[in-house]
Student: 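Structure in structure tokens, see below.
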Amino acid sequence: MNEDNIIKNSARAWLLAARHKTLAGAAVPVMIGLSLAFADLRAAGTFDWLPALLCMLFAFIMQIDANFINDYFDFVRGNDDETRLGPKRACAQGWVGVGAMRVAMASTTASACLVGLPLIFYGGVEMVLVGAVCVLFCFLYTTHLSYRGLGDVLVVVFFGLVPVCVPYYIETHGLTLNVFVAAIACGLVIDTLLVVNNYRDIDNDRRAGKITLCVRIGERVSRRLYLMLGITAVLAGAVYVSGGYLFAAIFPLPYLLLHYKSYKRLVKIGKGAALNTVLGETARNMFAYGLLVSLGILLS
């Protein structure tokens with residue numbers, strides 16, 4: 001998409017601000033959780049499509065909300081300046097006004113709450129707590145926790161454990177070891193995206209006092225971490241075999257090849273804005289992983 005001459009607060013500006021390409025990160029864990037629920041409920045025929053749709057919609061809105069929050073607070077903190085190596089941001093580029101972004105944050109937060117509210121009827125009143133925690137940490141991630149090296153932990157929790165386990169629980173009213181392992185593995189795969197992002201920004205983050213995990217462990221270990229996250233996630237798939245999901249353990253193997261090729265590209269590029277190509281590849285790999293695992297579960 002051509003980013004020149006974008007009219008302020010236009011539909012095109014908001015599309016860029018929403019970072020629609022990141023929605024794959026929201027879709028993958030929910031897709032895996034629902035696939036596990038569908039497979040386990042297939043014989044009984046009790047899978048309910050309405051809460052499944054609500055779970056996916058809630059995840060999409062929360063991802064957009066997180067993007068708006070990140071865009072706004074990084075801008076007001078002065079992190080999105082001319083030294084930024086990553087994709088352009090809406091507030092920093094003047095595509096979206098600061099006041100309009102505040103309204104957008106409030107609107108998407110409220111919309112997520114409204115979409116998630118009916119899930120109480122399917123998963124119980126504990127869904128209120130789940131939703132409140134999601135909203136709370138959506139703000140805390142950008143404003144505080146990402147500056148203290150806790151971003152990777154939050155990714156595993158909120159892009160792994162929560163969006164895999166909660167949809168499964170809503171459908172089945174229970175959890176299994178396979179679901180828990182699938183959630184951890186999914187969180188590790190999605191964390192590769194954060195690692196690439198933070199690895200690219202390691203010098204800028206040091207200057208800004210943003211102590212990410214990559215800043216703490218350094219460039220060499222960060223590269224190895226990127227590789228090992230993908231490998232560990234695929235190896236964890238072996239646990240699926242014990243639960244009868246044989247194809248779910250085998251199907252993700254092509255992801256491993258894609259992941260390794262992206263790792264080699266990351267090592268070759270080393271530094272600079274060119275690492276955005278690895279970021280794009282990692283997002284592609286992540287989505288491929290989700291599709292392959294989900295397909296493997298459904299065919300097992």
Side-chain angles (χ1 to χ4, degrees), residues 19 21-26 28-29 67 70 74 79-89 141 145-160 184-238 249-293:
R19 306 181 206 172
K21 293 181 180 179
T22 66
L23 294 182
V28 164
N67 292 339
N70 179 255
D74 275 358
N79 291 349
D80 287 343
D81 56 20
E82 66 279 357
T83 64
R84 177 178 173 79
L85 298 174
K88 296 176 181 178
R89 294 293 176 245
Y141 168 76
L145 299 179
S146 63
Y147 285 79
R148 291 166 171 76
L150 296 174
D152 301 86
V153 175
L154 294 182
V155 166
V156 174
V157 173
F158 289 100
F159 286 88
I184 294 293
C186 181
L188 295 179
V189 167
I190 294 180
D191 191 43
T192 60
L193 199 65
L194 181 63
V195 170
V196 174
N197 189 75
N198 289 343
Y199 175 79
R200 180 202 62 212
D201 294 340
I202 195 166
D203 291 332
N204 287 353
D205 286 343
R206 280 198 189 106
R207 287 193 293 269
K210 186 176 182 179
I211 312 301
T212 64
L213 180 60
C214 288
V215 170
R216 290 184 185 277
I217 65 179
E219 296 174 6
R220 183 168 61 91
V221 180
S222 295
R223 291 193 294 268
R224 292 179 179 176
L225 175 64
Y226 175 82
L227 177 63
M228 292 309 300
L229 284 171
I231 293 174
T232 303
V234 173
L235 290 178
I250 297 173
F251 277 30
L253 292 178
Y255 159 80
L256 200 55
L257 178 60
L258 293 172
H259 179 64
Y260 182 73
K261 290 177 68 176
S262 297
Y263 162 74
K264 295 296 289 184
R265 186 183 293 275
L266 182 148
V267 172
K268 183 178 179 180
I269 293 172
K271 286 189 174 185
L275 286 169
N276 288 325
T277 60
V278 182
L279 191 70
E281 287 183 7
T282 302
R284 176 205 63 193
N285 300 347
M286 177 184 71
F287 190 61
Y289 173 86
L291 287 176
L292 291 167
V293 169

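Residue numbers run from 1 in the order of the sequence given.
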Student: Please find the pair of heavy atoms, one from Lys210 and one from Val215, that lie closest to each other, and give the distance.
Tutor: O-CG2, 3.6 Å
Student: May I ask you to decide if the ring planes of His259 and Tyr255 are parallel, tilted or perpendicular, using 30° and 60° as cut-offs?
Tutor: parallel
Student: Could you pull out the closest heavy-atom pair between Ile217 and Ser222, with the gap in Å?
Tutor: CG1-OG, 3.4 Å
Student: Does the side chain of Lys264 come within less than 4.5 Å of Val267's, by heavy atoms?
Tutor: no
Student: Run the side-chain contact (heavy atoms from CB on, under 4.5 Å) test against Leu154 and tell me which residues pass, sequence neighbours left out.
Tutor: Phe137, Tyr141, Leu145, Phe158
Student: For residues Phe287 and Val28, determine if any side-chain heavy atom of one lies less than 4.5 Å from a side-chain heavy atom of the other.
Tutor: yes
Student: Atom CG in Leu256, atom OH in Tyr289: separation rounded to 0.5 Å?
Tutor: 10.5 Å
Student: Of all residues at least two apart in sequence or in a different chain, which pass the side chain to side chain donor-acceptor pair (under 3.5 Å) check with Tyr226?
Tutor: Thr282
Student: What distance separates Leu253 CG from Leu258 CG, expressed to the nearest 0.5 Å?
Tutor: 11.5 Å
Student: Examine distances only and state if a side-chain atom of Tyr199 and a backbone atom of Gly270 form a donor-acceptor pair shorter than 3.5 Å.
Tutor: yes
Student: Could you name each residue pair satisfying ring pair (Phe, Tyr, Trp, His ring centres under 6.0 Å) that touches residues 264-285, not counting sequence neighbours?
Tutor: none
Student: Does the Asn204 side chain pair with the main chain of Asp201, one donor and one acceptor, at a distance under 3.5 Å?
Tutor: no
Student: If every non-hydrogen atom of Asn198 is compared with every non-hydrogen atom of Cys214, which pair is closest and at what distance?
Tutor: CB-SG, 3.8 Å
Student: Could you note down all residue pairs passing salt bridge (Lys or Arg N to Asp or Glu O under 4.0 Å) where residues 275-289 supplies at least one of them, sequence neighbours left out?
Tutor: Arg265-Glu281
Student: Can you see which heavy atom on Ser262 is nearest to which on Asn285, and at what distance?
Tutor: OG-ND2, 2.9 Å
Student: Which residues pass the salt bridge (charged side-chain N to carboxylate O under 4.0 Å, His left out) test with Arg206, sequence neighbours left out?
Tutor: Asp203
Student: At what distance, to the nearest 0.5 angstrom, does CZ of Arg220 lie from CG of Leu225?
Tutor: 13.0 Å
Student: For the residue pair Leu188 and Ile184, establish whether any side-chain heavy-atom pair is separated by less than 4.5 Å.
Tutor: yes
Student: Give me the atom names and distance for the closest heavy-atom approach of Ser146 to Thr212.
Tutor: O-CG2, 3.9 Å
Student: Okay, side chain of Arg200, backbone of Leu275: is any donor-acceptor separation there less than 3.5 Å?
Tutor: no
Student: Roughly how far apart are Thr22 OG1 and Ile190 CD1, rounded to 0.5 Å?
Tutor: 11.0 Å
Student: Using modelled atom types and a 3.5 Å cut-off, is there a donor and acceptor pairing between side-chain atoms of Thr192 and backbone atoms of Val189?
Tutor: yes
Student: Search all heavy atoms of Gly218 against all heavy atoms of Ile202 and return the closest pair with its distance.
Tutor: C-CD1, 4.2 Å
Student: Roughly how far, to the nearest 0.5 Å, is the CG atom of Leu213 from the CG atom of Asp152?
Tutor: 4.5 Å
Student: Identify, with sequence neighbours excluded, every residue that meets salt bridge (charged side-chain N to carboxylate O under 4.0 Å, His left out) alongside Arg216.
Tutor: none
